[in-house]
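Inspection log for the structure reproduced underneath, given as structure tokens.
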Amino acid sequence: MNNSFYIAWRYLQFHWGKTLLLILSIALVVFIPLGLNYLVNKGSEDLMDRAEKTPLIVGAKGSETELSLSALYFNKPKNDAVEFREVESIKEQDLGIPIPLNIEYQVKEQPIVGTTSAYFEFRNLELKEGRKMAILGECVLGVNTAKKLNAEVGGSVISSPSGAFDVAGSFPLKMTVVGILEETGTPDDEAVFTDIKTTWVISGKAHGHQDLQQVVNDTLLLNKNENRAVASPAVLSYTEITPENINSFHFHDDPGDYPVNAIIVVPNDRKSALMLRGRYENNQNSVQMLVPEEVISELVDTMISIRDLLILAGVIIGIACLAILAFVFALSIKLRKAEITTMKHIGASRNFVSSVLGIEIGIVLILAIILSGILTLTMGNYGIPLIEKLIS
Amino acid sequence: MDQVGFAYSRDSFKLNIPKLSVGKSEKLGITGPSGCGKTTLLNLISGIIKQDSGSIRMGDIELNKLSSQDMKDLRLVKMGLIFQQFELLEYLNVVDNILLPFRINPILSLEAETRERARTLATSMGLGDKLKRFPANLSQGERQRVSVARALITQPELLICDEPTANLDPVNRDHILDIIASYCGENKTALVMVTHDQEILNRFDRVQDILEFSNYKDPRRHE
């Protein structure tokens, strides 16, 4: 056996190019259905896991998938926003805890998630360092975001305009980093968490500036009397919230009108969940409540259907490729007829030639299977984030 | 060989050998035109093909009574084969090609002493500095020397050569023949060599014209 292995190994080593090509071909034939199956299963599990841990979502009527992906993966919202009074309304019903999410803005590529501290408790997010945000203008970073933005506790990050043509629509706000979260392996690692009011500051709904009653330069005022001062556009809003100017920040209009992209609702119990769903089903206005598990399940079913078709195609192609490989092996044996005859003439034992050929095929197959396993594991490690990136 | 008869089913060719023997240390040359059965005779002597009638003996062993595997074992242990086309394995280096008989059948075991013998043999044939080379990087003469070393490594009692010098220039031819003659002389090994080369016939103790045993008709004689 050792001698058969030695001769087989020498042959493969000498023809390393042909051997490598065979190993790669077989590895790919095995990997395509195997990797695809692994990827879709793992992706489905991850998708379902986050969806299952999120009981109910409220948002504007429109695409249920878009609303779910926004609330779960912080995708840029494509549905309209609902008003903040929807959060207050749910709170008043006392059937569950509403957690608002404002996901309109970003710091570079990282989504800013305007929410409340209830979100951290709901997702069991632990702090790696620092503390949770306490006042306007503070933020907590997901671990990957901290790395990508090269930010530390005590440093700051600046919000980006919400679009290329939105030069005046949102304020680039400098936010102080007060905490960094532990790694969770979820989209939370990629987010910039801040208080929802801070996102309203970014949107311009709330702002801070000089006390107009104290202004001595009249060019900054359009109108002024004892009760009211009207600022001219020359008054600059603050772009950073500091202990010195925090008291000057104020909201115009009714905060109940302010936007919320999605609301995660954690019902008190099953009965409360059913009551809430019933109320929203009968609701004729522009708000919907959905169960993300059901929405994502439909998405996963679609993925699995596509996977099954692709695997079927992969298996058919694989069978064709293996037939070609069998032909290649047969041709190779034919080309080696002189060598095989020499060994037989010299006195090779009955099974020696077949064992050498068998070991050669075995080594190629084993190395190909190992390679396809490595490719599948690599796909598992790097493919899932890729899928999540594609989804987002 | 005694009263040996052999015929191919595909044509009318026949070999009839009333008696042919070769003793220890004896060098027998076989001559004859192409296609008259020289290689067939070597194949019969080495047991690669079986005769239709008569008997072939090597010492006390009757070859046609051996099983296929026993015949292979006997060939490996007692006989050395050298072919015209060298038949080296392209993916094995010089040492591994020489040691091939020790790897293809468990009846011979590869010991450290055998490896040393292979190196000594190769060095004695002028291949000492080419032990790690592959056949593609050797000259024609060097390749045939490797082929000879592979046949001699098992220290056979009978050396069977099928036109081993046909593809070589006179210098290499004489070198190879000297090596073979020297080995046979030192080890009292019998030699049966097929050749077309009239210039080397004086090196043999006896020369046998195969036409005496064959029904082969030379087409040139008809013209």
Side-chain angles (χ1 to χ4, degrees), chain A residues 1-26 325-368, chain B residues 39 42-43 45-49 66-110 114 132-137 146-147 150-154 156 160 162:
Chain A
M1 187 64 181
N2 285 345
N3 285 323
S4 303
F5 186 87
Y6 182 83
I7 298 287
W9 181 250
R10 283 282 175 215
Y11 178 83
L12 296 176
Q13 206 178 24
F14 185 80
H15 297 286
W16 63 269
K18 190 176 89 174
T19 305
L20 204 63
L21 196 66
L22 272 174
I23 290 171
L24 277 174
S25 309
I26 298 170
L325 287 171
F327 179 69
V328 168
F329 278 124
L331 206 62
S332 166
I333 290 168
K334 200 170 180 182
L335 288 171
R336 293 168 68 186
K337 196 179 169 188
E339 168 198 331
I340 291 168
T341 306
T342 301
M343 286 199 276
K344 283 182 176 171
H345 281 183
I346 291 174
S349 61
R350 190 194 305 269
N351 298 324
F352 179 77
V353 173
S354 48
S355 73
V356 168
L357 298 174
I359 288 170
E360 282 173 17
I361 295 170
I363 290 173
V364 168
L365 287 178
I366 288 168
L367 290 177
Chain B
T39 301
L42 294 188
N43 286 344
I45 294 171
S46 59
I48 291 171
I49 55 174
L66 296 177
S67 68
S68 167
Q69 188 54 54
D70 287 345
M71 187 62 236
K72 283 179 179 173
D73 293 348
L74 177 81
R75 195 156 61 232
L76 191 72
V77 175
K78 302 264 187 188
M79 301 178 193
L81 273 70
I82 303 170
F83 308 97
Q84 182 183 347
Q85 294 297 333
F86 320 145
E87 308 295 4
L88 299 177
L89 271 58
E90 57 166 355
Y91 53 88
L92 296 182
N93 63 27
V94 167
V95 174
D96 282 337
N97 259 300
I98 293 172
L99 290 171
L100 186 67
F102 287 85
R103 292 195 184 276
I104 60 177
N105 191 323
I107 198 162
L108 294 178
S109 63
L110 184 56
T114 320
K132 295 289 174 191
R133 283 201 194 171
F134 289 94
N137 300 322
V146 177
S147 176
R150 183 179 67 190
L152 301 184
I153 189 71
T154 56
I160 299 168
D162 190 358

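Chain letters run A, B, ... following the sequence lines, proteins first, then strands; residues in each count from 1. These values consider heavy atoms only, across backbone and side chains, with no hydrogens, waters or symmetry-generated copies.
- Rounded to the nearest 0.5 Å, atoms CG (B:Asn105) and CE (A:Met343) are 12.5 Å apart.
- Heavy atoms of B:Phe102 lying under 4.5 Å from chain A belong exclusively to its backbone.
- Across every non-hydrogen atom of B:Leu81 and A:His345, the tightest pair is CD2-O, 3.9 Å.
- Chosen from B:Asp73, B:Leu92, B:Asp96, the residue pairing most often with chain A at heavy-atom distances under 4.5 Å is B:Asp96.
- Side-chain atoms of B:Arg75 come within 3.5 Å of backbone N or O of A:Lys344 as a donor-acceptor pair.
- Heavy-atom distances place no part of B:Asn93 under 4.5 Å from chain A, backbone and side chain included.
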Please determine whether side chain to side chain contact (heavy atoms under 4.5 Å, CB included) holds for the pair B:Arg150 and A:Thr342, giving the CA-CA distance in whole Å, both sets of side-chain angles, and the decisive distance to 0.1 Å.
CA-CA 12 Å; B:Arg150 183 179 67 190; A:Thr342 301; 3.9 Å; yes

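- Just one of A:Tyr11, A:Trp9, A:Tyr6, A:Trp16 meets the ring-ring contact (aromatic ring centres under 6.0 Å, His included) condition when paired with B:Tyr91; it is A:Tyr11.
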Assess the residue pair A:Asn3 and B:Ile104 against the criterion (side chain to side chain contact (heavy atoms under 4.5 Å, CB included)); give the C-alpha distance rounded to whole Å, side-chain angles, the decisive distance to 0.1 Å, and a yes or no.
CA-CA 7 Å; A:Asn3 285 323; B:Ile104 60 177; over 6 Å; no

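- For the set A:Val353, A:Asn351, A:Ile346, A:Ile7, the count of heavy-atom pairs under 4.5 angstrom toward chain B peaks at A:Ile346.
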Quick one, A:Thr341 with B:Glu87, criterion side chain to side chain contact (heavy atoms under 4.5 Å, CB included). Give me CA distance, side-chain angles, the key distance, then yes/no.
CA-CA 9 Å; A:Thr341 306; B:Glu87 308 295 4; over 6 Å; no

